[in-house]
Amino acid sequence: MKVLHFKLLLPALILGLVGKAQNPVIQTKYTADPAPMVYHDTVYLYTSHDEDDAPPGQGKFLMRNWLCYTSTDMVNWTDQGEVASLKNFKWADKALTGWGGFDNGAWAPQTVERNGKFYMYCPVQGRGIGVLVSNSPLGPFKDPIGGPLIGGKFDSIDPTVLIDDDGQAYLYWGNPNLWYVKLNQDMISLAGEIIKDSSVAKRTGQPDPFHYQEGPWAYKLNGSYYMAYASTCCPEGIGYAMSKSATGPWEFKGYIMKPDKRSTGNHPGIIAYKGKSYVFGFNYRLNFMQTTQHHERRSVCVAELKYNPDGTIIELPWWQEEGVAQIGTLNPFVRNEAETIAWEKGVGTERDSLAGMFVTGIDSNDYIQVRGVNFTRSAKSFNASVSSAYTGGTIEIRLDSLEGKPIGTCVIKGNGSSNKWLTKSCKITAAKGVHDLYFVFKGGGKQLFNLNWWKFN
Ligand code: FUB
C-alpha cells in the first residue's frame with residue numbers, strides 16, 4: 001500500500017531532506033519493532049507493520065503481518081514484502097476482544113538462524129508466542145507445532161533469542177516483566193521451566209532502577225551478555241543491562257537512548273555488521289509529517305552504536321534524520337530491484353506472481369533515490385522492466401540531487417496492462433564515478449507505470 005505522507009510536505013522541506021535523510025530507513029510502509037539479523041553478507045531487517053489506516057489514538061494498533069527488508073550497505077534497503085502474517089497461526093483465537101481484535105495481533109518478532117534453518121518467533125498479542133520455521137530467511141515460513149510455544153498468560157509479547165557459545169538457546173520476552181526459558185536444540189520446544197527474571201522484572205513496591213517496559217533484545221559480545229529493552233514509560237527510551245550469564249542477574253548500565261516526547265514507544269534491535277555496530281528502533285516521523293494526530297504508524301530508524309573499552313555502551317542522541325553512513329557502493333551493472341530504495345517520495349511497493357516485488361503507485365513528480373551507485377565504467381544505456389495499465393510517463397535519471405545532472409530520460413508507454421512486463425532500453429549520456437541516483441517520474445497524472453528492476457549497460 002502506498003504511504004502518501006510526503007505529498008503533503010512543503011517543497012522546500014522535501015528539498016532539504018534529499019541527500020541527507022536516511023531515517024526512517026523505510027518510507028513506503030509504516031514499520032515498527034525492528035529485528036535485524038545478519039546472515040552471510042546481508043542484513044535482514046524483520047519488522048512489524050502498522051497499517052496505513054490505523055485510527056487516531058495511542059495504543060490503537062492495526063497490525064496483521066510481518067515484513068522483511070534487506071541491505072548490504074545499511075543505506076539502500078530492498079523491500080522483500082510480507083514474510084509471515086497472523087494467518088500463519090491457525091491456533092490464534094480470532095475472537096480476541098479489545099480494540100482491533102484479531103487485527104491488532106502481529107506484534108514484535110525476531111528471527112534467528114540455526115544450522116541453516118530460520119526460526120521466526122512471533123507474538124500474537126493476547127494469545128501467546130508462536131514460532132515459524134523456514135529453510136530461507138525470506139520464507140515461506142511454516143508453523144511446525146500448530147500451537148503457541150509460550151501460552152498467553154506470561155506477559156507473552158516481544159520475544160528475543162540468544163544462542164550461547166555452548167549451543168544452549170534462551171528465549172526471553174515480556175511486558176511488564178521479563179521472562180525466560182531454555183529452548184531445546186530444535187528451537188521449537190522448551191527445555192525447562194518458564195522463569196520470571198528477578199533482576200529486570202518489575203519488583204512491586206521496590207525501587208526500579210531498570211525501568212524495564214518491554215521489547216527485550218538479548219545478545220552476547222566479547223564474553224558479556226547484554227539485555228537492551230524499551231525503558232521508562234512513556235515515552236520510552238532504550239535502556240540496557242549487562243550480565244556475566246545468560247540467565248542474569250542483570251545489572252542496569254544506563255540508557256542507549258533517552259526517551260523523547262516525539263515518540264511514545266521504542267524497541268531496540270542490535271547487530272554487529274561489517275566491523276560496525278548498529279541499534280535500530282523507531283519513531284513516529286512519517287506519521288507526524290502527515291498529521292498532527294497520533295496514530296500508531298511508526299517508522300524504523302537506525303544509528304551507529306559504539307562501545308567503551310569496558311563494554312558499556314556510549315549513549316546516543318534521539319534518532320537523527322541523517323541515519324548512518326553507507327558501507328561500500330551499489331553496482332549499477334547488475335539487475336537491481338526497483339524496490340531497493342534509500343529514500344523516496346510518493347511511491348509504494350506490491351508483489352505479483354510474475355514480477356515478485358515491484359514499485360507501484362508512481363505519480364508525476366514522485367521519485368526514488370538510490371545512494372552510492374558506483375559507475376566503474378562509463379554507462380551507455382539504461383534498461384528497466386516496466387508495465388503500465390494507463391498513460392505511461394517518463395523516468396528522468398539524474399545524478400546526485402533532484403535537480404542534478406540528467407543523464408537520460410526514458411519514455412514508458414502505456415501498454416494497457418499492469419501484468420504485462422516489458423524491458424525498456426534507453427540511451428544514457430556517459431555516467432562515471434560514484435553518485436547518488438535519482439529516478440524522477442513525470443507524466444500526466446497518477447499511476448503512470450510500475451517498475452520492477454533496472455540495470456545500466
Ligand atoms: O508493536 C506492538 C508493540 O508495541 C510491541 O510488541 C511493543 O514492543 C511495542 O513496540
Side-chain angles (χ1 to χ4, degrees), residues 24 26 29-36 45-52 54-55 57-68 82 84-86 89 92 96 98-111 120-130 148 150 152 154-161 171-179 200 202 210-218 227-240 256-257 259-260 262-270 279-287 294-301 319:
I26 311 298
K29 291 190 175 71
Y30 296 108
T31 55
D33 305 326
L45 174 61
Y46 299 86
T47 73
S48 59
H49 176 202
D50 290 329
E51 296 289 341
D52 290 12
Q58 292 202 0
K60 299 212 164 187
F61 297 104
L62 208 47
M63 304 176 74
R64 303 185 178 105
N65 58 5
W66 294 278
L67 311 175
C68 188
E82 172 185 301
S85 81
L86 292 171
F89 298 108
L96 184 80
W99 195 90
F102 190 59
D103 285 341
N104 174 9
W107 283 20
Q110 187 180 356
T111 305
M120 186 171 179
Y121 299 85
C122 300
V124 184
Q125 188 264 134
R127 285 143 289 189
I129 295 172
I150 306 295
F154 299 101
D155 311 320
S156 305
I157 63 165
D158 296 357
T160 179
V161 170
L171 173 69
Y172 311 79
W173 71 93
N175 171 342
N177 295 297
L178 180 71
W179 301 77
V200 174
K202 291 260 172 304
F210 291 85
H211 306 292
Y212 174 85
Q213 302 297 319
E214 58 183 356
W217 184 269
M227 184 66 69
Y229 50 86
S231 61
T232 67
C233 185
C234 292
E236 286 176 341
I238 299 175
Y240 77 106
I256 294 175
M257 184 175 285
D260 185 296
R262 283 171 283 182
S263 180
T264 49
N266 218 326
H267 188 119
I270 294 173
V279 56
F280 292 77
F282 63 75
N283 65 16
Y284 285 70
R285 185 169 174 226
L286 294 184
N287 178 71
H294 180 104
H295 296 244
E296 295 298 356
R297 296 190 303 201
R298 297 160 291 173
S299 32
V300 165
C301 297
W319 302 114

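Heads up: numbering here begins at 1 and tracks the sequence. Counting starts at 1 for both ligands and their atoms, in listed order.
Closest to atom 9 (C) of ligand 1 among all protein heavy atoms lies E214 OE2, 3.5 Å. When hydrogens are left out, the protein atom nearest atom 1 (O) of ligand 1 is D33 OD2, 2.5 Å; that is the closest non-hydrogen contact. From the protein, the heavy atom lying nearest to atom 4 (O) of ligand 1 is R298 NH1, 3.3 Å.
Using a 4.0 Å cut-off to heavy atoms of H267, the atoms of ligand 1 that qualify are 8 (O), 10 (O). Ligand-side atoms of ligand 1 in range of F282: 10 (O), range being under 4.0 angstrom from any heavy atom. Counting the atoms of ligand 1 from 1 in the order shown, those under 4.0 Å from a heavy atom of M63 are 1 (O), 2 (C). Heavy-atom proximity to A108, at under 4.0 Å, picks out these atoms of ligand 1: 6 (O).
Contact annotation: the side chain of D52 approaches that of Y30 to within less than 4.5 Å [non-hydrogen atoms, C-beta and beyond]. Side chains of C122 and F89 form a contact here, defined as non-hydrogen atoms less than 4.5 Å apart.
A side-chain donor from one of S48 and D33 sits under 3.5 Å from a side-chain acceptor of the other. A side-chain donor-acceptor contact under 3.5 Å links T264 and Y284. For N266 and E236, the side-chain atoms include no donor-acceptor pair closer than 3.5 Å.
Proximity of A32 to ligand 1, defined as any heavy-atom pair under 4.0 Å, is not found for any part of the residue. Heavy atoms of Q125 found under 4.0 angstrom from ligand 1: none, in either backbone or side chain.
The aromatic rings of Y229 and F210 sit tilted, their planes meeting at an angle between 30° and 60°.
Remark: R64 engages D103 in a salt bridge, criterion side-chain N to carboxylate O under 4.0 Å.
Between D50, D158, N104, it is D158 that holds the heavy atom closest to atom 8 (O) of ligand 1.
Checked against a 3.5 angstrom limit, the closest N/O atoms of W107 and ligand 1 fall outside it.
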